[in-house]
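Quick one: this structure, given as structure tokens, is what I'll be asking you about.
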Amino acid sequence: MKLLTTALALATAMGTSLSAQASDTITVEDIPKIKSVIQTAISPDGEQVAFTRSLPRELYVDKNGYNYSELYVVDDEGVERPFITGKVNIKSISWSADGQDIYFLAKLGEDKHTALYHIPVDGGQAQQVFALKGRPISSYELSPTGKQVAILAMPSKDKSEKELKKLGFMAEVYEQGLKNKQLHLIDLAKADKPLDPEAINIDGYVSDMNYADDGSKLLVKTQPTALIDDKYMKSQWHLFDVQSKAVTLSFKTEGKLGDAELSHDGRYVAILGAEDKHDPATGRLYLADTQSGEIKEWLPDFMGHIADIEWANTENTLNFIAAVSPETFVGQIEVGDEDYDTLIEQGEFIASRLSVSDSDKTIALRANTAKHPNEVFMIRGDEATRLSDSNPWLNDKRFAKQQALSFEARDGVEIGGVLVYPLDYQEGQRYPLIMAVHGGPESHDKNGWVTSYSDPGQMGAARGYAVFYPNYRGSTGKGVAYSKLGQNDYAGKEFDDLVDMKQYLVKMGLVDSDRVGITGGSYGGYASAWGATKLTEHFAASVMFVGVTNQLSKFGTTDISNEMYLVHARSYPWEKWQWYLERSPIYWAGQSKTPLLIMHGKDDPRVHPAQSMELYRYMKVQGKDVRLVYYPGEGHGNRRVAAQYDYSLRLMRWMDNYLMEGNKDMPDYKIDHASKLKAVKDANKAD
């Protein structure tokens, strides 16, 4: 009843009817209500799946913050049991070796910092296992023997720091004095609270770890410092002996580095990494021998990207999820083979986060489709079953047709993407288009759930738009060589692909060439700025989010300058100043005829907020239609519900104003949140 009351209040405040608000289509008001499965963990016997589910904060009611995360367990028949729900944040779930308890990290009750908890599966309250003195636990890994736990945590703060800060001594030396996250090994039988254990002596910042089956060894991932650039480009996996507390073997890899897993006999390590230091992603699968230290690429000719790995328990067989263009599949491969078996074919769902039972009877994962966000799925043999239903109200919504497209660019390179047709599409009628460009560019849009606060998807389709998600050259999912096609060519052929994609949709008879908008975040924001300036004749409206506008100043203000050089630009600005300037939207601002809405998190470390200010000022001074919106407290993308909702409203109002209504003037800059707040308060009082 409360959701309906709140919906009525918002509809009233927006000047819309209840029938419109409670329609059978997805609206902008639905986006903040969407729940999604975050993590899955299969029980040792393969009969139950523990999972966490996001719980969105209620607009105009809850304090500002991130979504909550609740703990549930579902059996193989799809019967859910809530374990810890409400305004809580449960994360990093895992089962005890005997299947009797679920461990997790949380800050509950009077906790000042995140602590390790467990809860009995057969009934009972959550109990704290231990906490650290004066600092949170970042992550943990239970020993398979159940006797020990490895944890990662930042070191304790110097007691004088807080006092000196009060006295005004707050000078910051940039990128100096950084503290490294540390590894601790704790005997669970002796755990007491609060603990202040000694850190294991390992050089560098420890970012990840996992145990061997017998608990005698750990895989430990390190990087030189806490800098994100070091994480991206200088990480390394090591084999660590628990008894001697020493690194016994380091695995030599180059470039970006992802997860690693020890086989259950301890002989092999499967590693997700890069082909070389210029590979933009971690989609290559490697196999390392712990006896010889030899490491080799396992699937050298695979024309996709491996996204997740998990060893089977009874044999040296690796389960994996692979992304191939806009689809995924689940596969298995045995040590010694270069051929894999496919368990779940492409097109079933978009999969992630594997979890394998001890008996290999069951694989759990999360997956989404065009009609629902991430849910719990269970695989037995080659059959997949959906177990959870986080948004039952979606079952009453109508969905527009969605399909993957593939065609050739002007130079013959294969490009494509995911198209959502307008709802109730009629052949022969032309529609306005919103082109939503992904970031990275080392990522790609998948043919699954494509609707979020910044992606119009089905919500845009319900308003009468065609929505297209372009996988331009340089996207992942088609092998390393394809993902490198945009390197050393900022805003070159990669963004020419966007024009070719628009023209393809126009030639299909679907899109009105004069009513095309472009939007995107990060590198997609760069594309949106480029579309509004250099390619202005092709786009009638643009919404840029946390985007790049000046490649010269971007290099000097980002936290990933080394990565930019190695996997994107392949040159430094001082090597060709004019080229970098001409690949910057500010250079072309004077010719812009495209109304541009710019939005940016005010605390963004990746793309400095000044990038948005620069283009805004260049266009504003020249009399262009431009608006800049900053979100205080947000970084490289909005994570809090109010900022996300405000973004959605502004995005769609901008597109509607120019593409649907054909207005020449900018829409009002105000969003009347005060009226909405009052309406919700009045509705809650009446309820």
Enter the distance from Asn180:CG to Asp203:CG here, rounded to the nearest 0.5 Å. 9.5 Å

More than 12 heavy atoms of other residues, nucleotides or ligands under 6.0 Å from NZ of Lys179: yes or no?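 Yes, because the 6.0 Å sphere around NZ of Lys179 holds more than 12 heavy atoms from other groups.
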
How far apart are the closest heavy atoms of Leu183 and Met209, and which atoms are they? CD1-CG, 4.4 Å

Is the backbone N or O of Ile38 less than 3.5 Å from a side-chain atom of Arg366, with the two atoms forming a donor-acceptor pair by type?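 The answer is yes, because a donor-acceptor pair under 3.5 Å joins these two groups.
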
Short side-chain to backbone donor-acceptor contact, Thr558 and Lys554, under 3.5 Å: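 Between the backbone of Lys554 and the side chain of Thr558 there is no qualifying donor-acceptor contact (under 3.5 Å).
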
How about Glu161: does its CD atom have over 12 heavy atoms from other parts shown lying under 6.0 Å from it?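 It does: Glu161 CD has more than 12 such atoms within range.
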
Would you call Lys361 and Asp76 a salt bridge, using N to O less than 4.0 angstrom? no

Ion pair check, Arg53 and Glu80, cut-off under 4.0 Å: yes

Go through the structure and list residues passing ring-ring contact (aromatic ring centres under 6.0 Å, His included) with His305, not counting sequence neighbours.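 Counting only residues at least two positions away or on another chain, His305 forms no ring-ring contact (aromatic ring centres under 6.0 Å, His included).
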
Looking at Arg606 and Asp559, is any side-chain nitrogen of the basic one under 4.0 Å from a carboxylate oxygen of the acidic one?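 The answer is yes: the pair qualifies as a salt bridge.
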
Kindly indicate whether a cation-pi arrangement holds for Lys181 with Tyr205, taking the cut-offs as under 6.0 Å to the six-membered ring centre and within 45° of the axis. no

Return each pair, listed once, that meets salt bridge (charged side-chain N to carboxylate O under 4.0 Å, His left out) where at least one residue sits in residues 124-148; pairs must be two or more places apart or across chains.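 As it turns out, the salt bridge (charged side-chain N to carboxylate O under 4.0 Å, His left out) pairs with a partner in residues 124-148, which skip direct neighbours, are Arg135-Asp196.
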
Donor-acceptor under 3.5 Å (Thr225 side chain, Leu227 main chain): yes

Heavy atoms only: give me the nearest Asn89-Asn67 pair and the separation to one decimal.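 Reported closest heavy-atom pair: OD1-O, 3.2 Å.
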
Tell me if a side-chain donor or acceptor on Asp604 pairs with a main-chain N or O of Glu634 at a distance below 3.5 Å.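 No, because the side chain of Asp604 does not come within donor-acceptor range (under 3.5 Å) of the backbone of Glu634.
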
Using atom types as modelled and distance alone, determine if a side-chain donor or acceptor of Trp237 lies under 3.5 Å from a backbone N or O of Gly258.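 Indeed, once roles are kept as given, a pair shorter than 3.5 Å links the two residues.
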
Quick one: does Glu275's side chain get under 4.5 Å of Pro300's, heavy atoms only?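 In short, these two side chains do not touch, never coming nearer than 4.5 Å.
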
So, using ring-ring contact (aromatic ring centres under 6.0 Å, His included) as the criterion, who are the partners of Tyr72 when residues are at least two apart? Phe51

Among Leu365, Ile379, Ile309, Leu343, side chain to side chain contact (heavy atoms under 4.5 Å, CB included) partner for Asn319: Leu343

Might you confirm whether atom CZ of Arg639 has over 12 heavy atoms from other residues, nucleotides or ligands at distances under 6.0 Å? no

Quick one: does any side-chain atom of Ser355 pair with a main-chain N or O of Ile42 as donor and acceptor, under 3.5 Å? yes

Please find out if less than 6.0 Å separates the ring center of Phe251 from that of Tyr286.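 No; Tyr286 has its ring centre 6.0 Å or more from that of Phe251.
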
Contact summary for Pro120 and Gln125, nearest pair of heavy atoms: CD-O, 3.6 Å

Would a distance-only check, ignoring hydrogens and angles, find a side-chain to backbone donor-acceptor pair under 3.5 Å from His600 to Val607?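 Judged by distance alone, yes, a pair lies under 3.5 Å.
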
Would you find more than 12 non-hydrogen atoms of other residues, nucleotides or ligands less than 6.0 Å from Asn201 atom CG?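 No, not enclosed.
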
Could you tell me whether Phe83 and Phe104 have their ring centroids closer than 6.0 angstrom?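 Not under 6.0 Å, so no.
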
Heavy atoms from other residues, nucleotides or ligands near CG of Asp339 exceed 12 (cutoff 6.0 Å): no

